[in-house]
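Everything on this sheet refers to the single structure shown next.
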Amino acid sequence: MTHVLAAVAWPYANGPRHLGHVAGFGVPSDVFARQQRMAGHDVLMVSGTDEHGTPILVQAEREGVTPQALADRYNRVIAEDLQALGLSYDLFTRTTTRNHYAVVQEMFRTVHRNGYLVERTTMGAVSPSTGRTLPDRYIEGTCPICGFDGARGDQCDNCGNQLDPVDLKNPVSRINGETPKFVESQHFFLDLPALAEAVGAWLETKTGSPSWRPNVLGFSRNLLEEIRPRAITRDIDWGIPVPLPGWEENPTKRLYVWFDAVVGYLSASVEWARRTGDPEAWRPYWSEGARGAYFMGKDNIVFHSLIWPAELAGYDGRGSRGGRPGAFGDLALPSEVVASEFLTMEGRQFSSSRGVVISVRDVLSRYQPDALRYFLSAAGPEAHDTDFTWREFTRRTNDELVAGWGNLVNRTASLVAKNVGSIPEAGDLTDRDRELLATTSGAFGVVGDLVATHRQRQGLSEAMRAVGEVNRYLSETAPWALRTSDPDRMRTVLHVAAQGVSDCRGLLAPYLPHSAQAVHEVMGGTGTVSPMPELREVDDLDGGSPYPVLQTPRGGDGAPGWGSVPVVPGTPVGKPTPVFTKLDEDVVETELERLREEQAGG
RNA sequence: GGGGCAGUAGCUCAGCCGGUCAGAGCAGCGGACUCAUAAUCCGCCGGUCGUGGGUUCGAGCCCCACCUGCCCUACCA
């Protein structure tokens with residue numbers, strides 16, 4: 001038994017999340033966490049909404065609400081969506097809790113005390129009307145190199161050169177059109193060069209690890225080569241105050257959103273522990289022997305393989321300036337950074353502004369969560385970008401999920417119900433029977449290894465192969481033809497088939513938890529085999545406003561392990577109702593039409 | 001500009017460290033079966049593995065160049 005921290009990227013609360021988001025961090029982390037729990041590990045899966053930073057501020061102003069009100073709204077929307085998908089967080093919280101503020105400030109103070117935060121004067125763009133930092137990406141102007149008009153502050157999309165916004169000609173704020181002012185400002189920088197050796201050494205230990213994708217490792221190493229100190233404060237009034245005299249009282253200086261967002265993994269662990277009644281319960285998940293798996297999309301790699309490890313190394317005092325850990329003690333760096341590539345939508349990149357988008361909520365309002373989970377697990381962007389199309393979604397659902405797995409459950413349950421009424425006893429097993437049972441029970445080892453090393457697509461394909469084997473077994477043994485000729489043999493076959501279905505259910509449970517539960521019940525089982533997250537309203541632990549959290553009941557009596565569990569003869573099985581809904585072919589056209597309208601209107 | 005990924009049957013893709021690796025699913029065609037959400041099972045058809053070089057006894061798998069598409073480049077998973 002190992003302590004496993006499943007650290008899931010924090011969705012940004014400036015709007016509902018779309019399919020690409022849950023393909024990147026959501027489904028893969030849940031498949032992993034569920035499988036690891038079944039395998040007997042002690043898993044802590046945490047996340048929450050990321051609620052600070054400029055985009056939320058801008059969006060709130062556009063809507064005429066406070067940033068907190070905007071964050072409240074989308075925090076709830078996102079939590080509800082993730083719940084509906086069945087993501088089994090032990091705690092899904094948010095970054096505007098007092099607990100989070102306190103943990104982030106403790107992180108800052110200790111890293112500062114250890115000497116890894118340095119103060120510098122910078123020249124940066126601010127909005128003349130508000131005095132806030134204007135991020136590079138919000139500045140537009142003429143490229144000083146190629147003369148292109150639509151260059152952004154950080155990069156010219158025309159010639160591809162990286163730019164410094166100070167050099168842009170005719171710079172204009174994309175937020176309100178005013179001309180930005182470039183002013184000197186004091187900021188704290190995370191001294192990455194002083195931590196580069198520690199981070200580099202940590203990365204080196206991951207070379208050759210089956211849990212690291214080579215491109216993530218390569219990309220991360222590359223980042224280390226040209227490492228520079230990085231500003232972690234901003235001129236903005238929405239964020240966590242800098243906990244130092246002279247700064248804390250200043251309403252226009254706040255910590256940079258990314259500095260606080262990654263600390264969320266720790267603060268959420270702490271919050272989870274405090275809510276269990278044992279405030280120290282988070283520690284085993286953050287100690288050296290624990291496994292810490294971080295899930296995100298590829299655009300987040302830098303924060304998880306560089307910035308966060310550097311913050312942790314600075315906190316622990318592992319950089320070139322030495323130091324010692326703060327109140328949380330020595331904190332373990334991630335053991336693996338699992339990054340997905342991107343999901344595209346009908347051949348185009350997801351874009352809310354261009355209407356190339358479908359929200360998680362929309363999909364779940366019309367389709368079963370496991371159909372979406374199946375598609376994303378079978379065809380998601382695990383190793384490279386992949387495309388979501390309605391045609392392929394419909395095909396995967398109908399031909400693989402419904403016709404392959406759903407039908408196997410249905411035909412088996414139906415045969416048992418009609419001919420016996422309960423799971424029959426097995427008589428003498430033939431070689432064919434043993435072969436099938438060896439295949440389905442043996443698949444646990446293979447699928448488990450694949451999921452544990454983040455090769456979930458292959459894992460699912462192996463699980464579905466087992467499904468195919470059971471279908472083939474039924475065709476070959478044809479129990480329906482034995483009813484009168486050899487009822488004893490029929491009972492044995494049905495017993496073996498029921499065992500095969502049970503095994504497949506277990507193999508698929510991490511991927512398809514909703515239907516695993518349903519299949520369990522169709523086959524006469526009782527109790528919970530797939531715990532589901534619950535949305536609860538809770539009080540802030542430190543006197544802030546109440547808020548919703550997701551929590552998932554742990555273990556329980558009926559929680560099955562990772563392996564074949566013998567079916568119990570005599571368990572009553574009635575006439576089954578289908579577990580999955582087959583999609584009508586016109587779903588494709590309907591959805592494409594919806595998308596076209598979205599683009600026309602958006 | 002820098003970095004990365006991909007280019008394998010009509011379609012979507014597997015192919016980990018180079019030696020039954022030329023595969024799977026879908027589509028198409030033919031058969032079987034009828035327990036099951038017209039589901040399932042069997043068989044057939046189908047590819048000079050982007051292009052050109054190189055290394056090797058042997059290369060989708062390694063190296064170089066090129067072509068094409070995509071992504072990241074530090075506040076879109």
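Chain naming here is simple, since letters A, B, ... match the order of the sequence lines and numbering starts at 1 in each. Remember, predicted model here, so these are calculated numbers, not experimental data.
Taking 4.0 Å as the cut-off between side-chain N and carboxylate O, Arg432(A) and Glu476(A) count as a salt-bridged pair.
With both pairing distances under 3.5 Å, C16(B) is matched to nothing as a Watson-Crick or G-U wobble pair. Searching all strands for a Watson-Crick or G-U wobble partner of G52(B) with both distances below 3.5 Å returns C64(B). Using the Watson-Crick or G-U wobble rule with both distances under 3.5 Å, G69(B) pairs with C5(B).
Here the side chain of Tyr256(A) is nearest to one of A74(B), U34(B), A39(B), namely A74(B).
Using a 4.0 Å heavy-atom distance criterion, Ser340(A) is classed as making no nucleic acid contact. Backbone-only contact: Phe303(A) has heavy atoms under 4.0 Å from sugar-phosphate atoms and none from a base.
Remark: the separation of the C1' atoms in A6(B) and G28(B) is 28 Å, to the nearest Å. Atom P of C17(B) sits at a distance of 14 Å from the matching atom of G7(B), rounded to the whole Å. Taking the P atom of each, C45(B) and G23(B) are spaced 12 Å apart, rounded to whole Å.
The nearest whole Å value for the distance from the CG atom in Leu224(A) to the C1' atom in G2(B) is 16 Å. In this structure, Ile358(A) atom CD1 and C76(B) atom P are separated by 22 Å, rounded to whole Å.
Using a 4.0 Å cut-off, no side-chain N or O of Tyr12(A) falls inside it from OP1 or OP2 of C76(B).
Distance alone, capped at 3.5 Å, is enough to place a donor-acceptor pair between the Tyr511(A) side chain and the Gln456(A) backbone.
Counted by atom type alone, Thr96(A) and Arg94(A) present one or more donor-acceptor pairs between their side chains at under 3.5 Å. Side-chain N/O atoms of Tyr12(A) and His52(A) include no donor and acceptor closer than 3.5 Å.
Residues Asp299(A) and Glu400(A) both approach RNA chain B. Their nearest nucleotides, taken by heavy-atom distance, put Glu400(A) toward the 5′ side.
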